[in-house]
2 protein chains.
Amino acid sequence: MSARPPEHPAGLAPREARALFRGGLVTPTAGWCTGWTQANLLAVPRELAYDVLLFAQRNPTPCPILDVLDPGEVSGPLLDGDVRTDLPAYRVYVEGELVEETPEVTRWWRPDLVAFLVGCSFTFEAALAEGGVPVRHVEQGRNVPMYVTDRRCRSAGSMSGPLVVSMRPVPADRVADAVSITARYPAVHGAPVHVGDPAALGIADLDRPDFGEPVRLSDGDVPVFWGCGVTPQAAVMESRPTLAIAHAPGHMLVTDARDADYLLP
Amino acid sequence: MSARPPEHPAGLAPREARALFRGGLVTPTAGWCTGWTQANLLAVPRELAYDVLLFAQRNPTPCPILDVLDPGEVSGPLLDGDVRTDLPAYRVYVEGELVEETPEVTRWWRPDLVAFLVGCSFTFEAALAEGGVPVRHVEQGRNVPMYVTDRRCRSAGSMSGPLVVSMRPVPADRVADAVSITARYPAVHGAPVHVGDPAALGIADLDRPDFGEPVRLSDGDVPVFWGCGVTPQAAVMESRPTLAIAHAPGHMLVTDARDADYLLP
């Protein structure tokens with residue numbers, strides 16, 4: 001598994017990226033495949049699927065559903081590929097405990113698993129950059145930092161958990177642009193849930209994210225927080241199903257859908 | 001059950017309207033409670049709930065979910081009331097067959113029923129009128145006409161069925177306004193699915209709607225078709241569950257949510 005990252009991941013087609021990941025490359029996908037939509041993966045047993053779907057419906061900002069595959073299916077309209085192998089890294093949970101982070105999950109897959117594809121804020125990062133809003137974690141070559149907040153989601157059956165957010169530092173005079181640009185993508189988290197003081201979300205230290213990597217703020221940057229597709233993963237952990245499979249945070253599915261498909265008219 | 005319609009239903013508060021319907025008034029709700037959101041009701045056994053929710057997720061234009069109550073619940077955040085009694089009329093289906101149209105369904109209710117509240121295009125009719133687009137069926141004091149089309153929805157488990165649409169005649173020079181105004185309400189069907197020739201949707205005769213009442217076109221009017229919340233009701237009929245309870249078409253739940261809550265920023 002000595003696959004090397006390509007020199008220009010932004011210019012790859014989704015099938016090219018998925019082939020690299022299928023071949024063993026493990027890397028966060030921020031900045032990959034400009035213009036193509038990335039998605040969170042969450043696969044749970046069929047008996048939990050209603051709770052997951054209802055949880056998403058009740059918490060659409062952090063959990064925008066892009067598609068749901070039928071039980072046991074590993075491909076669908078959003079990808080000509082295989083969700084068991086085509087992401088760079090996965091997390092496997094048994095009874096709510098993380099048992100493995102692994103580059104493929106074929107041996108874990110079961111015919112009763114239902115795969116949810118959830119929108120990802122990487123989708124609007126190209127639009128931010130085009131709009132003159134710097135995307136610091138891409139500039140710094142890092143995964144986006146993600147934080148568990150003290151806000152609870154609206155629960156659904158056995159699914160309950162905290163709101164998880166991603167954070168991007170934005171120059172104060174570009175915050176309004178960041179809001180208006182991302183508001184046009186409600187299917188991939190939309191506008192920020194919070195601007196400014198991390199303590200208001202119960203986040204003690206920006207340098208210690210719960211997922212991903214810390215990112216440096218430049219002088220005059222304000223931390224801006226968006227709903228994050230890791231939110232349903234956190235709720236699944238709390239509900240402790242026999243098996244759950246998710247992407248490793250920041251290591252997304254690159255789909256065959258275009259960002260523009262999720263842009264409001 | 002001799003309740004008379006009020007003189008000015010547009011000015012009523014939702015709780016006043018619901019009290020009238022609870023008292024036995026049976027009437028379509030188009031034009032009632034201006035500014036307050038109306039919803040379709042569909043209640044199915046818990047075992048069918050995942051299929052219904054997934055069907056809605058896969059067909060968001062005709063089936064925009066506003067809320068889902070927990071099994072057996074008859075009230076929720078969108079209404080301070082009782083979904084078994086507070087609509088003007090209901091349809092009860094047993095094994096997919098219509099067995100009763102009735103003003104209340106308390107005796108039919110079961111603890112395993114899950115109530116779905118689905119967005120309704122009546123929500124944007126006030127905005128159409130304010131925007132100078134005449135709403136013919138309200139002018140004519142009729143229920144909106146609804147038609148079963150020859151387009152199939154994307155299926156979900158046991159749920160499959162045709163797209164159902166509502167039709168409003170719009171003066172040709174106001175069609176663009178009708179599109180842009182309703183596009184701002186994606187949670188209540190959004191922009192039209194079709195403008196013009198009914199035959200393109202497999203509709204043979206506008207004067208013979210499948211639900212509701214025919215409406216007269218004025219000279220120069222074009223028929224404009226929107227996704228309709230009766231769509232999931234039609235799919236439930238095809239899936240033949242032991243019991244399903246729905247609103248009678250056009251006889252909606254008036255909720256405590258404001259139309260503005262569903263308007264894009």
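Throughout, protein chains are lettered first and strands after them, A, B, ... in sequence-line order, and every chain is numbered starting at 1.
In this structure, A/Q57 contributes its side chain and B/I65 its backbone to a donor-acceptor pair below 3.5 Å. Judged purely by atom type and a 3.5 angstrom limit, B/R58 uses its side chain to pair as donor or acceptor with the backbone of A/V68.
Atom CZ of B/F116 is separated from atom CG of A/L54 by 7.5 Å, given to the nearest 0.5 angstrom.
Contact of A/V114 with chain B is made through the side chain alone, with heavy-atom distances under 4.5 Å. The contact between A/P77 and chain B is made entirely by side chain atoms (from C-beta outward), counting heavy-atom distances below 4.5 Å.
More than 12 heavy atoms of other residues, nucleotides or ligands shown are found within 6.0 angstrom of CG on A/D150. The environment of A/D70 atom CG is dense: over 12 non-hydrogen atoms of other residues, nucleotides or ligands sit within 6.0 angstrom. Counting non-hydrogen atoms of other residues, nucleotides and ligands closer than 6.0 Å to CZ of B/R46 gives a total above 12.
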